[in-house]
Amino acid sequence: MSLALQSPPSSSSLIRQDGKRLSSKVLLPPPRLAIGGSRSGSLPTLIRASHNSSSVDTGLSTELDSVSAFSEIVPDTIIFDDFEKFPPTAATVSSSLLLGICSLPDTIFRNAVDMALADTECYRLENNELRLSCFANKALVNVGGDMAKLVPGRVSTEVDARVAYDTLGIIRKVNDLLKLYGQIDVPPERLLFKIPATWQGIEASRLLESEGIQTHLTFVYSFAQAAAAAQAGTSVIQIFVGRIRDWARNHSGDPEIDAALRRGEDPGLSLITRAYNYIHKYGHKSKLMAAAVRNKQDLFSLLGVDYIIAPLKVLQSLKGTVTAPDEKYSFVRRLSPESAANYNFTQEELMKWDQLSLASAMGPASVHLLAAGLDGHVTQAKRVEELFGKIWPPPNL
């Protein structure tokens with residue numbers, strides 16, 4: 001999930017876009033359409049899990065209470081999840097979410113999409129491709145604006161993956177979205193912009209952050225990407241733990257993954273550990289988000305990382321498991337600034353990353369997974385524009 005965040009232990013939400021299901025970190029009131037994103041002033045989009053199940057009378061608490069003391073737990077939910085169990089504090093808007101909204105005409109966000117399709121500025125564009133792109137941007141921002149009224153944290157907005165290898169194109173897209181948000185009075189500090197972690201995306205993040213525009217880099221699958229993003233001053237860096245593990249189960253030949261396996265470590269968890277230690281040991285401002293967490297053991301192994309995006313089934317299990325007062329102290333913080341200070345990096349890892357060194361350091365896993373993620377986002381963006389082309393103009397125009 002993806003985004004908007006609060007300083008730990010707060011959270012934001014993100015929406016997954018794997019083409020198979022609409023995923024999100026923000027749940028909505030009836031008709032219960034899930035959305036996502038959040039953090040006040042430091043991250044992209046996350047949701048803080050509500051853990052009001054503690055018993056004041058007995059001193060008992062849940063596992064969710066205990067783990068939330070170490071990391072911000074971000075619900076990774078889907079449409080029709082129960083909004084009240086895990087209220088969102090932030091949200092993410094994406095092409096995947098727009099498709100979900102359009103498939104459910106009675107959702108509270110449908111009017112935001114209809115208003116975008118009735119926008120006269122877009123309507124006047126003679127070029128059909130530009131008109132549809134304009135509608136899509138308006139829809140993202142209109143929905144994002146509605147979300148900003150529902151959540152206290154930041155709203156993260158996906159940047160079109162079709163410009164993932166164009167630094168200036170990414171910056172133009174972000175500035176266009178920022179201008180649209182300004183027109184509906186959503187201030188920059190409430191926003192994050194979700195950008196793919198290509199070299200061009202990392203450079204765009206660096207330039208945008210230098211202007212005070214908060215960015216969230218996604219599709220990070222290698223230490224080189226994470227370190228380069230930290231050096232760029234990216235607000236939020238998102239690493240997909242489970243996807244790296246899945247690749248390792250079915251492939252071989254990636255030096256970074258093979259080295260982790262030889263040490264007896266899970267390659268996804270190992271990357272989170274190295275990235276966290278690098279960020280904290282060398283004083284980078286970035287916050288680290290662990291995504292694609294598959295089970296409670298993954299989550300327990302990540303305690304201390306800034307944000308953990310957890311599936312609903314894991315959150316339900318955590319919330320449903322009661323711990324006695326003495327048991328809650330058995331949860332161990334795995335990552336901390338103190339442990340990071342003692343972590344040793346090689347000189348190669350401490351280099352100043354540039355486009356050539358990044359390309360050389362990215363192994364087959366990160367290259368493949370980055371490309372797959374981009375393909376999925378591009379497909380979703382095209383589907384939105386194709387859908388808008390079919391339903392425009394709306395009946396009331």
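For the numbers below, each heavy atom of this structure counts, side chains included, while hydrogens, waters and symmetry mates do not.
- If you take CG on L374 and OH on Y165, they are separated by 5.0 Å, rounding to the nearest 0.5 Å.
- Hydrophobic clustering, with ILVMFWY side chains joined whenever heavy atoms are under 4.5 angstrom apart, groups I391 together with L99.
- The neighbour count for R124 CZ, taken as heavy atoms of other residues, nucleotides or ligands under 6.0 Å away, does not exceed 12.
- In the hydrophobic clustering of ILVMFWY residues, with side-chain heavy atoms under 4.5 Å counting as a link, I272 and Y343 come out together.
- Ionic pairing of R294 and D246 is present here: one or more N-O contacts between side-chain nitrogen and carboxylate oxygen are shorter than 4.0 angstrom.
- Side-chain atoms of D298 and S301 form no donor-acceptor pair, as typed in the model, at a separation below 3.5 Å.
- Side-chain contact check for T157 versus Y181: some heavy-atom pair is nearer than 4.5 Å.
- Hydrophobic clustering (ILVMFWY, side-chain heavy atoms < 4.5 Å, transitive): V163 and L168 are in distinct clusters.
- Nearest heavy-atom pair across A381 and S95 is CA-OG, 3.5 Å.
- One finds no salt bridge joining R274 and E265 here, because no Lys/Arg side-chain nitrogen approaches an Asp/Glu carboxylate oxygen to under 4.0 Å.
- Taking 4.5 Å as the limit, some side-chain heavy atom of P267 sits within range of a side-chain heavy atom of L261.
- W353 and E348 make their closest contact through CZ2-O, 4.0 Å (heavy atoms, listed as atom of the first residue, atom of the second, distance).
- The two atoms that bring L180 and K138 nearest to each other are CD2-NZ, 3.5 Å, heavy atoms only.
- Closest non-hydrogen pair, L315 versus I73, comes out as CD2-CG2, 3.3 Å.
- The pair R206-E203 meets the salt-bridge criterion, with a side-chain N (NZ, NE, NH1 or NH2) lying under 4.0 Å from an Asp/Glu carboxylate O.
- Residues E256 and F223 are in side-chain contact: their nearest non-hydrogen atoms beyond the backbone lie under 4.5 Å apart.
- Residues V186 and V141 form no side-chain contact, since every pair of their non-hydrogen atoms from C-beta on lies 4.5 Å or further apart.
- How far CG of D176 is from OG of S133: 8.5 Å, rounded to the nearest 0.5 Å.
- Screening V293, V241, L64 for a side-chain contact (heavy atoms from CB on, under 4.5 Å) with L299, the sole residue that qualifies is V293.
- Between S68 and D65, the closest side-chain pair of non-hydrogen atoms is not below 4.5 Å.
- No continuous path of ILVMFWY side-chain contacts below 4.5 Å connects I170 to L130, so the two sit in separate hydrophobic clusters.
- To the nearest 0.5 Å, the span separating CD on Q200 from OG1 on T198 amounts to 5.0 Å.
- Remark: side-chain polar atoms of H368 are not paired, donor with acceptor, to backbone N or O of P364 under 3.5 angstrom.
- Note: Q380 CD to L98 CG = 10.0 Å, rounded to the nearest 0.5 Å.
- Side-chain contact between I244 and I239 is present, with heavy atoms from C-beta onward closer than 4.5 Å.
- A continuous path of hydrophobic side-chain contacts links I184 to F135 [ILVMFWY only; heavy atoms under 4.5 Å].
- Looking only at side-chain heavy atoms (C-beta outward), P337 and Y276 come within less than 4.5 Å of each other.
- The shortest non-hydrogen separation linking F219 to A197 is O-CB, 4.0 Å.
- A donor-acceptor pair shorter than 3.5 Å can be found between the side chains of S235 and E209.
- A distance of 11.5 Å separates CD1 of I237 from OG1 of T218, quoted to the nearest 0.5 Å.
- For T379 (side chain) and D375 (main-chain N/O), a donor-acceptor pair under 3.5 Å exists by modelled atom type.
- Side-chain contact between L318 and K296: present, with at least one pair of heavy atoms (C-beta onward) separated by less than 4.5 Å.
- Between R333 and E338 there is no salt bridge, since no side-chain N of the basic residue sits under 4.0 Å from a carboxylate O of the acidic one.
- Counting all heavy atoms, side chain and backbone alike, F331 lies closest to E63 at CZ-CG, 3.7 Å.
- No more than 12 heavy atoms of other residues, nucleotides or ligands lie within 6.0 Å of CD in E129, so this atom counts as exposed by the packing criterion.
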